[in-house]
Structures are given as structure tokens and as C-alpha cells.
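Positions are given from 1 along the sequence. Since this is a predicted model, take the numbers as computed values, not measurements.
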Amino acid sequence: MSPDLIEREVRRRKTFAIIAHPDAGKTTLTEKLLLYGGAIQLAGAVKAKKEGKSATSDWMAMEKERGISITSAALQFEYKGNVLNLLDTPGHEDFSEDTYRTLMAADTAVMVLDAGKGVEPQTIKLFRVCRDRGIPIITFINKMDRPTKDLYVLLDEIEKVLGIKAVPDVWPLGTGFDFKGVYDLRDQQLYLFDRTPGGKQKAVFRMAGPNDPSLDEQFDSEIVSAFREQIDLVENGIGKIDKNLFLLGKETPVYFGSAVNNFGIELFLNKFLELAPGPDHIPLRDGNYLDPINAPFSAFVFKVQANMNKAHRDRIAFLRICSGVFERGLNVNHNRLDKPVKLSSSFAFFGQDRNTVDTAYPGDIIGLVNPGTYKIGDVLSTGNTPPLRPLPSFAPELFATISCKDTLQLKSFKKGLDQLAEEGILHLFTSRTIGGGVPIIGAMGKLQFEVFQRRLKDEYGAETSIHILPYGISRWVKKEDRAKIPSNAGLVEDLFGNMALLFDTEWDMNYFHKNNEGIELLENPPLEE
């Protein structure tokens, strides 16, 4: 395939993830972007009644029942000649590790803030991952139709808490119940919105300039007067977006709207297409970037998911294409197994729906049927394995033993345990000294345990019991240090054969380190293993 054709396809692609603190409206915004992109005709209410339509990206039963995103979904759709790969990450902080890995597959992040709450704790954590990865961030301040913080306070909070300059690209006319529309600061056009029943259809808009006399006739004079003063302050005091600073992660363009009512969504999507970079900034370990067009085919696995669709009952490995062209049936080198594999069963996804993919380009997310060949972090390539930066892994903070209630379900229990642990939603350990040989699971939050038990029951028919352990800290150790570990230490082995130590408290960990200075304690599994 010619480099010109590859370049043309690369330039059409935008691969992005949406990050937010729980309840900021991330899943709702995802639905509305799909609505305006033409991917769906009717947006689903996230917390709908049982007879209502559930969110397209939330396919798991618990997600539908609770109205939250637990897993990361990959959705592809076309809009105005662009191919958009949208990574819908978990909003709940207990699943932040899955979110962090998914962000490694994104080229841009959309940061959603609640206008009434501003920058919240989970937002800060996710922002830092984006900054470390070098991902440019576009900010969408949501829920403008509800009571909000002072808008200048919100901008100041972004700058002081996150350390990035916030530059509005639009400005709202009114807030809360008086939120009537947004003004495009670059095009100098005011977009006025009408509410739609349930926010299920596209919101219509009328356009008028900020000095249009009809504004004084339609709206309260105080709202219009304040709006005109604010526009003057923003234009003269903050200035316009510098795209280079945005791409360097030093500046975030800011947009305002209401996802639930569709206010400002279409304008935001159009602006996103203007600003978001293409898939040409995959960082390497040496600080350079991978050439997506001229380098041989390469891709990495950032997610593994079991039982996405009960009709198939298979496991899927999600692959982010970094360079070159994917063609179904391609023979590639598998870096971890150090052997060739054939990529024959490949799909693109939209929620539960899957379509066979014959060709895909850098930036695209595809799924491979996984019979156990692929694990998170695997790199596949036709040339030499590119030195991609490793996917993040985090030490769990909660631990429990898990056992099967019915011995007749033991086979299903073991199968589910292995397959779900491969997804990376929690860590699976074994130990000779802890739990009497019963499997140990480690997580960042209790909801992970609930989801794990629920999925073992729903997808594998295994009823389980969980017993919480007293440990609160874990650290991995290097292979060469294993022999130095005292016999009374809380030693466990993870799914990949790495050894880790469990401690009750930070004091216990520090005491151990003081008495065993020759043993290095690692927050992440050692890379060489």
C-alpha cells in the first residue's frame, strides 16, 4: 500500500478518550457525541428506567443497572469525513487502572468537569496520566443548565490545581436555569439552544451576534449585560487558543454546555475535529516518536475482555494500531511469546455489536479473538519490535481470598478466575503462606470485588465467597531478591509469575525495608519479567 494512501487515512483519524470524576456526565457526553456523529439516532438515558434504552457503550448488566461505566469500550464512527475512535473509559475510581491503560491508546483526552463542582479528585489523577503520556487535553465543562461555580473560578481552578492554562474557545450566555447558549469566540457567532424532550434528539439552535438588539428583547437585560461584559473580559484578558501550546499539553481549550440537553454538543464536536491531533505521536522509551506512516506495522494490546457478547462467549484483545497497515490474515511477531502469529479474526466494535475488519490504519482500535495468545501490554509487529513505553500497572490496596461455594462449579470457577484476571480489572495472586492456598485477589476499591463476583456468577455460573484480608499495601520484588526474603514475610505470586510482598500498613512496609535494605520494593512489576 502506498505511503500517500496511508498518510491520507492517518490524517482522517482521531483517537480519543473521555476522562472525568464519577457523575460529571462522561457517559452522557459519550452518547451525545455518538448522536451528533450520526452513529445513533436516539440517545439513551444513562440512568433510564428498565424499559428505557441503556447507554450504547455500557453493555454489562451492572453498568446498565447502576448507570455507571465500569469497563472501557471502544466505539468507531465517521463524522464529516473523519474516522473517530472513541475510548469510553470507566468513570468509577475503583477501576482507574483500566482507565490509565486505555489512555495509553488515546491521542487526545476530553476532560469533563461538573460546572457546579469543578476539578475533583479522580479528575486530578487522570489528568496526571495524560500529562505523563503527553496527551493534549480538551476541557468540556458540563451541566451548565444547573447551578454552577463562578466561571472565572472554574478557569482559575483548572490552572491552579492542574497546572495548565485554561483558554475558553466559547463562552456561555447565562448559567443554570438561565443558560441559553454559547458564543463562539473565534467565529464571533452566538448559538442559542432550545430544549428537546429528554435530550434525546439533537438540540436546534439559532444564531445571532453578541450585540444583536434582539437579545435584549428575548432575554433578561442583566443576563445579556453580564454576558457582554464577560465576552469583553475574556477576549481582552485571556486571549485565543495557541494550538502549539495545546499540542504540547501546556494549554487546554475550554468549552461549555449541557450534555443531557444537547446544549453545545455539536459545536464542541466540530471544534474538537479542528484541534485534535492525528495518530502520529506514539512516544517511545528513548523520548522519540514512532512514525505511523513509514514504519512497519506495529500495535499493542491495551485491554482484554471476556464474554462481551453472550452469543459468542469468547475473549477479545483490544489492539491499538501504532504504525503501518493492518490487513486481516497478517503474520506478525509476538514480542512476549517470541514467535509469529497470524491475525485472522479481527473486528471493529460498537458496544456489543461487532463487524469484521479487513483493513485498519494507525489510530484504529480493533479486536482480536483471543484464545489465550494475547495479554495486556503485548506488542505485535512485522518488523523489529518498537520500544513502546510500557503500560502502567498499580499496586492494589485491598486484598481478599476468594473461594467457590459449590465444588460442582469448581471448573467454571477456575476458568472464570483466570480469564477475568487476564482483563486486568484486578490482580490475582497465589501464596503458600497466606489464605491456605486459596486464590487471593487484589484491587484498588471494593466495587472491583463486587463486579468480579457478579461476573463469575453471571458469565461462568460460579457462586463465590470473599474474605477480606488485613493487608493494605503491596510491593513487587525483583527476581534476584527472592532468595533474600524472610520466610515469615507475606509473599505472593501474581498471574505472570512475579513475586510481591503484602503489608498491613505503611509502617510495616517501612519496618521491613529497614531490616532488609538489600531488597528493593517496587510499585510496579519488574519490566524484565
Q | Short side-chain to backbone donor-acceptor contact, Asn142 and Val112, under 3.5 Å | A | no
TODO: Check the surroundings of atom CZ in Arg128: do more than 12 heavy atoms from other residues, nucleotides or ligands lie under 6.0 Å from it?
DONE: no
Next on the checklist: Could you walk me through whether Tyr152 and Leu233 satisfy the side chain to side chain contact (heavy atoms under 4.5 Å, CB included) test, starting with their C-alpha distance in whole Å, then the side-chain angles of each, then the deciding distance to 0.1 Å, before giving a yes or no?
Outcome noted: CA-CA 10 Å; Tyr152 297 112; Leu233 284 171; 3.6 Å; yes
### Message
Apply side chain to side chain contact (heavy atoms under 4.5 Å, CB included) to residues Phe302 and Leu87 and explain how you reach the verdict.
### Response
CA-CA 11 Å; Phe302 67 92; Leu87 300 167; 4.0 Å; yes
When rounded to the nearest 0.5 Å, the distance separating CZ of Arg131 from CD1 of Ile137 is 8.5 Å
d(Leu151 CG, Thr175 OG1) to nearest 0.5 Å is 6.5 Å
Look at atom CG of Asp156 and say whether more than 12 heavy atoms of other residues, nucleotides or ligands are closer to it than 6.0 Å. yes
Are Arg328 and Thr356 packed together at the side-chain level, in the sense that at least one heavy-atom pair is separated by less than 4.5 angstrom? yes
- Query: Hey, does Ser323 have a side-chain heavy atom less than 4.5 Å from the side chain of Phe297?
  - Reply: no
Legend entry - Side-chain (Asn82) to main-chain (Leu84) donor-acceptor, under 3.5 angstrom: no
Are any of the side-chain nitrogens in Asp418 or Arg315 under 4.0 Å away from the carboxylate oxygens of its partner?
no
Result for ring pair (Phe, Tyr, Trp, His ring centres under 6.0 Å) between Phe256 and one of Phe140, Trp171, Phe193 points to Trp171
Any Val341 side-chain heavy atom under 4.5 Å of Val332 side chain
yes
Correct closest heavy-atom pair for Gly249 and Ile164 would be O-CD1, 3.4 Å
For Val234 and Pro168, the nearest pair of non-hydrogen atoms, with its separation, is CG1-CG, 4.2 Å
All heavy atoms of Ala109 vs all of Cys130, minimum pair found to be CB-SG, 3.7 Å
Derivation and outcome, side chain to side chain contact (heavy atoms under 4.5 Å, CB included), residues His21 and Lys117
CA-CA 10 Å; His21 191 85; Lys117 297 177 181 177; over 6 Å; no
Using atom types as modelled and distance alone, determine if a side-chain donor or acceptor of Asp378 lies under 3.5 Å from a backbone N or O of Lys375. yes
### Query
Do Asp494 side-chain atoms and Phe496 backbone N/O form a donor-acceptor pair below 3.5 Å?
yes
| said: Keeping Asn270 on the side-chain end and Leu267 on the backbone end, is there a donor-acceptor pair under 3.5 Å? | reply: no
| said: Regarding Arg320 and Asp107, does a basic nitrogen lie under 4.0 Å from an acidic carboxylate oxygen? | reply: yes
Sorted by chain and residue number, the side-chain contact (heavy atoms from CB on, under 4.5 Å) partners of Asn294 (sequence neighbours excluded) come out as Pro3, Asp291
One should read off an interatomic distance between Lys143 NZ and Leu29 CG, to the nearest 0.5 angstrom, of 12.0 Å
### Message
With a 6.0 Å cut-off on the ring centroids, do Phe272 and Phe16 count as close?
### Response
yes
Whether Arg12 side chain and Arg8 backbone form a donor-acceptor pair below 3.5 Å = no
Does the side chain of Pro362 come within less than 4.5 Å of Val10's, by heavy atoms?
-> yes
Value for CD1 (Ile316) from CG (Leu368), rounded to nearest 0.5 Å, stands at 8.0 Å
Would the distance check show the side chain of Asn261 and the main-chain N or O of Phe263 forming a donor-acceptor pair, the cut-off being under 3.5 Å? no
Does any non-hydrogen side-chain atom of Arg11 lie less than 4.5 Å from one of Asp280? yes
> Would one find more than 12 heavy atoms of other residues, nucleotides or ligands at under 6.0 Å from atom CG of Asp358?
Replying inline: yes
So the side chain to side chain donor-acceptor pair (under 3.5 Å) pairs with at least one residue in residues 242-257 (sequence neighbours excluded) are Thr139-Thr252, Asp169-Tyr255
Apply salt bridge (Lys or Arg N to Asp or Glu O under 4.0 Å) to residues Lys271 and Asp184 and explain how you reach the verdict. CA-CA 10 Å; Lys271 295 291 187 178; Asp184 186 331; 2.8 Å; yes
To the nearest 0.5 Å, atom CG of Leu103 lies from atom CD1 of Ile18 at 11.5 Å
* Quick check: does any side chain N or O of Lys14 sit under 3.5 Å from a backbone N or O of Ala276, one acting as donor and the other as acceptor? -> yes
Hey, does the side chain of Glu9 reach the backbone of Ile6 with a donor-acceptor pair shorter than 3.5 angstrom?
no
To the nearest 0.5 Å, atom CD of Gln76 lies from atom CD1 of Ile365 at 9.0 Å
So do Trp476 and Glu523 actually touch side chain to side chain, heavy atoms under 4.5 Å? no
- Task: Verify, without hydrogens or angle tests, whether His334 (side chain) and Thr373 (backbone) share a donor-acceptor contact under 3.5 angstrom.
- Result: yes
Check your understanding: Under a 4.5 Å cut-off applied to non-hydrogen side-chain atoms, are Leu33 and Tyr79 in contact?
Key -> no
Closest non-hydrogen atoms of Pro292 and Leu290, given as atom of the first, atom of the second and distance, are CD-O, 3.2 Å
All heavy atoms of Ala24 vs all of Leu113, minimum pair found to be CB-C, 4.5 Å
> Is there a side chain to side chain contact (heavy atoms under 4.5 Å, CB included) between Phe246 and Val167 once you walk through the steps?
Replying inline: CA-CA 10 Å; Phe246 157 67; Val167 182; over 6 Å; no
- Taking the side chain as every heavy atom from C-beta outward, state whether Ser258 and Arg146 have any pair of such atoms under 4.5 Å apart. no
Taking every heavy atom of Val182 against every heavy atom of Leu190, the minimum-distance pair comes out as O-CD1, 3.4 Å
